[in-house]
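Worksheet: one structure, shown below.
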Amino acid sequence: MFSGIDEVDWASMEHAYGPADDVPELLRGLASDDPAEREAALDGMYGAVHHQGDVYACTLACIPFLFELVVDPGVQDRGSVVELLTSIGGFDLDEDDEAEIDEDEIEGAANYAMAAAAVTAGAGVFFELIADEDPGVRLAAPLALATLHRHPVRVLALLRERLPVEPDEEVRLALVEAAGRVALRHRPLAGRAAEWLGRLASRAHSPGLRLAALAQLARCSPDGLPGDVVPVVSGLLREMRSTPKEPSAPGGAAAPEGDAARAADEPDAGPDPKQDPKQDPTPDAEPADPEPAAPAETGRGEHVVTPTLVGQLRSLSAQENAGSGTPWAADLLRTLHVGLDDRVGDRTALLADQLRSPDRRQRIDAVRMSGGLIRAWRGPYEELVALIGDQLADPEPRLSEAASHVLEELFGLAAPAADALAARLAADPGSWVKTWASGPPGLGSTVKALARLGDARAVPALAAALELEQVAHDVGFAVGHLGAAARPLAGTLRRRLAEVELDEGAYDRASPLLAGLTGLRAGEAAPEVLRVLRGAPEYRGEWLRTAALRALGSFGPAAREAVPELRALIRRPGTASATEAAEALFAISGDAEAVLPVLIEGLQSDQVHDRRAAATALGALGPRAAVVAPRLRGLLAHEELWLRVDAAVALWEVTGRPQESTEALLAGWERSRHVRVRVAECVARMGPVPEGSAAAHVLRSELASVRRHNAMDGGYGSHDIHEDEKLLELCRRALRGTGKGTTA
């Protein structure tokens with residue numbers, strides 16, 4: 001094995017962490033008899049040689065040796081090597097990607113292309129592996145074929161031939177998943193694959209196999225799903241829960257399932273069973289679906305825990321699925337939800353059914369999937385949220401914690417779970433504040449969720465958090481969401497702020513307290529805030545002064561004693577602190593004449609951030625800043641989108657004429673979804689938009705969209721749902737009185 005490996009100039013190549021001269025050792029480690037050594041080698045391959053999916057010259061050089069490993073029956077864990085090859089060769093570079101490649105990325109793109117070509121050229125070996133004695137190899141081979149082989153008709157035919165004779169249930173599910181992958185990658189075959197998947201889903205197969213077929217059908221041909229997909233899936237889940245696990249028969253096979261294990265597909269005209277599977281069947285001929293063998297135990301052996309990343313991930317997965325007879329069910333449901341996509345009603349009904357399941361693992365998965373659904377799609381979620389709230393009382397900590405984390409992100413949408421959150425909060429004071437090995441403590445999810453609802457029942461938890469030696473870093477924001485309900489905390493916030501030492505750690509200790517006082521507009525705290533403003537240390541002093549100035553500005557006339565200090569600060573025009581001080585001074589004194597020159601100077605700053613701050617502050621002056629209208633108008637053509645939007649808002653505020661500002665705002669709306677809340681805030685303040693106007697059309701189109709405006713594939717922000725719900729409310733407010741359907 002590995003003939004010629006020492007002749008490769010590995011030292012001349014690099015991987016993610018430097019010279020690739022350690023790659024031969026990693027390859028040999030994959031062939032080791034020691035499970036820990038194999039896992040460490042696999043971790044090294046993913047961590048360095050194929051780091052985050054990257055393909056280096058050394059990755060390409062590994063491909064022939066990886067193929068040697070997968071065809072040697074004496075090598076253990078070959079399924080992991082098949083998965084590695086699939087990942088290395090499975091990157092698709094489509095035309096859009098190619099058009100966006102710059103000079104620095106050319107070499108990397110070429111490596112991806114060469115890897116795909118090299119692995120695809122050897123993909124024929126996976127035909128043999130699909131019937132390998134090792135169930136782990138059989139589990140990985142179908143997806144490798146579906147991803148890499150050049151002849152998808154042959155692959156689809158082989159998947160159908162193999163399914164009835166495959167003894168392992170999890171491998172059977174992999175065969176079905178591979179059929180869905182073929183259909184997605186080769187759209188002309190989608191109809192053929194969907195027809196087969198539809199038969200599998202509707203006939204007397206095991207409930208797991210039927211669920212897998214429905215999941216893949218949802219991905220590749222959602223129109224082929226049955227109209228009653230929710231009750232069908234719910235029935236399959238109940239059947240899976242109620243079916244006892246069969247004892248293993250001799251040789252590792254499970255006892256037969258009887259009639260439920262037999263195929264009910266009518267036989268098709270197909271190729272001769274003796275035909276070489278590597279020969280292409282004719283395009284119009286498809287294999288018959290004979291009776292399936294009974295499912296078997298996977299027989300993958302006992303997992304050896306290793307300190308590698310791969311080992312830790314496998315251990316976590318094993319812990320998550322401990323005691324589950326169907327650990328793959330959650331993956332199937334996730335796949336089904338992805339396929340259902342914008343069918344929010346069906347997905348909500350399915351999740352509601354899952355949340356009522358007696359199976360805690362299924363409820364944990366349903367809570368997490370509910371969070372994903374609500375983050376991406378708009379809809380009526382009252383029943384779903386109430387069911388998530390019910391999980392807070394469950395003694396299983398993974399379930400209750402998952403529920404509290406989802407509810408934390410919902411803000412106002414968490415209202416149906418308010419009583420459940422309050423009960424959880426009262427029952428578990430130990431969860432009010434979370435402490436970490438490093439960094440400041442933070443509020444627990446239940447506290448934040450209830451505070452974000454403006455529910456006064458969160459106040460005792462915040463009061464307790466304020467008495468800790470180190471105040472939770474996010475307590476101020478929670479106070480801000482509670483508003484007047486948190487007014488009793490003002491005295492504690494003042495006292496704790498007065499105790500803050502103005503040393504290098506002052507910002508971390510004072511900023512949560514300043515944020516809380518700002519949210520309460522607690523003008524009686526002006527002396528304590530002034531002390532911080534005057535004594536801010538050099539380290540992070542600018543940040544601390546900004547927080548103090550915002551607090552003083554929020555106090556308004558109640559902070560009159562700060563006026564002399566603020567007048568001194570605005571004597572340095574053109575600086576960020578001068579703009580912030582001018583904004584606070586105007587909020588307290590209303591002296592537009594004093595602050596106008598400072599803000600005009602700030603509008604000419606070299607820093608876009610400072611110009612934006614000045615534009616916003618000028619807008620607050622209203623008609624008293626009308627003199628700056630030409631300057632603001634000139635910024636409507638600036639290259640920075642956010643500055644254009646802020647200038648357009650300020651222009652309307654100082655002139656009162658909406659037309660030119662609206663045009664710039666709508667252009668920004670179309671340019672970036674990220675400015676839409678800011679635009680909608682301004683449009684809503686302008687008053688009801690004219691019926692039939694461009695603004696009305698844009699706002700109605702937003703309200704008609706089921707997809708959240710800020711939904712991202714592969715990532716999300718903690719305030720995304722809140723921001724999108726805010727956008728919807730602003731659109732409705734702007735449209736009120738403009739005609740039928742304004743509250744859509």
Side-chain angles (χ1 to χ4, degrees), residues 440 462 466-467 470-480 483-484 486-599 601-602 610 613-614 616-617 620-621:
L462 298 180
L466 284 171
E467 295 297 344
Q470 188 174 13
V471 174
H473 70 89
D474 46 3
V475 70
F477 299 111
V479 169
R487 186 68 195 179
L489 300 177
T492 305
L493 288 165
R494 286 185 68 187
R495 173 171 54 82
R496 293 305 306 265
L497 186 62
E499 296 169 354
V500 170
E501 293 185 22
L502 299 178
D503 55 17
E504 289 191 351
Y507 175 76
D508 289 333
R509 293 192 297 271
S511 60
L513 305 168
L514 289 167
L517 291 167
T518 301
L520 294 177
R521 301 180 183 274
E524 66 272 24
E528 289 80 12
V529 177
L530 270 172
R531 182 185 78 91
V532 172
L533 180 65
R534 292 165 180 156
E538 183 176 351
Y539 181 68
R540 292 183 174 176
E542 184 178 347
W543 298 356
L544 189 55
R545 282 189 291 273
T546 294
L549 288 169
R550 286 176 180 168
L552 292 170
S554 74
F555 299 163
R560 284 186 297 272
E561 62 188 285
V563 169
E565 196 80 24
L566 298 175
R567 290 191 184 279
L569 285 174
I570 67 172
R571 291 175 188 148
R572 292 178 293 169
T575 64
S577 60
T579 298
E580 292 161 353
E583 196 170 7
L585 179 59
F586 178 72
I588 295 168
S589 68
D591 189 349
E593 184 177 346
V595 303
L596 188 57
V598 179
L599 298 180
E601 185 75 20
D610 294 342
T616 301
L621 270 61

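Between Gly602 and Ala614, the closest heavy-atom pair is C-CB, 3.6 Å. What you find for Phe586 and Ala620 is that their closest heavy atoms are CE2-O, 3.6 Å. Closest approach of Val598 and Thr579 over heavy atoms only: CG1-N, 4.4 Å. Here the closest non-hydrogen pair linking Leu569 and Ala581 is CB-CB, 3.6 Å. Here the closest non-hydrogen pair linking Ala592 and Leu621 is CB-CD2, 4.1 Å. A pairwise comparison of heavy atoms in Ala472 and Pro512 identifies O-CB, 3.7 Å as the closest pair.
Arg531 places a side-chain N or O within donor-acceptor distance of the main-chain N or O of Leu497, the cut-off being under 3.5 Å. In terms of modelled atom types and a separation under 3.5 Å, the side chain of Arg560 and the main chain of Pro557 share a donor-acceptor contact.
Taken to the nearest 0.5 Å, the CG atom of Leu489 stands 11.0 Å off from the CZ atom of Arg495. The distance from the OH atom of Tyr507 to the CG atom of Leu502 is 15.0 Å, given to the nearest 0.5 Å. With rounding to the nearest 0.5 angstrom, the CG atom of Leu517 is 8.5 Å from the CZ atom of Arg494. Taking CD1 of Ile588 as the reference point, atom CD of Glu561 lies at 9.5 Å (rounded to 0.5 Å).
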### Message
Evaluate Ile570 against Glu601 for side chain to side chain contact (heavy atoms under 4.5 Å, CB included), listing each step before the verdict.
### Response
CA-CA 11 Å; Ile570 67 172; Glu601 185 75 20; over 6 Å; no
Please evaluate residues Leu466 and Leu513 with respect to the criterion side chain to side chain contact (heavy atoms under 4.5 Å, CB included), reporting the C-alpha separation (whole Å), side-chain torsions for both, the decisive distance (0.1 Å), and the verdict. CA-CA 9 Å; Leu466 284 171; Leu513 305 168; 3.9 Å; yes
Practice task
Check the pair Leu552 / Leu533 against side chain to side chain contact (heavy atoms under 4.5 Å, CB included), numbers first and verdict last.
Solution key: CA-CA 10 Å; Leu552 292 170; Leu533 180 65; 4.0 Å; yes
Taking it one step at a time, do Leu514 and Leu544 satisfy side chain to side chain contact (heavy atoms under 4.5 Å, CB included)? CA-CA 9 Å; Leu514 289 167; Leu544 189 55; 3.9 Å; yes
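The one candidate from Asp591, Leu549, Val595 that meets the side chain to side chain contact (heavy atoms under 4.5 Å, CB included) condition with Leu566 is Leu549.
Using a 4.0 Å cut-off between a side-chain N of Lys or Arg and a carboxylate O of Asp or Glu, Arg496 and Glu528 do not qualify as a salt bridge. The pair Arg487-Glu524 counts as a salt bridge, with a side-chain nitrogen and a carboxylate oxygen less than 4.0 angstrom apart.
No more than 12 heavy atoms of other residues, nucleotides or ligands lie within 6.0 Å of CD in Glu538, so this atom counts as exposed by the packing criterion. Other residues, nucleotides and ligands contribute only 12 or fewer heavy atoms inside 6.0 Å of the CD atom of Glu501. The local environment of CD in Glu499 is crowded, with over 12 non-hydrogen atoms from other residues, nucleotides or ligands closer than 6.0 Å.
Residues His473 and Asp508 form no side-chain contact, since every pair of their non-hydrogen atoms from C-beta on lies 4.5 Å or further apart.
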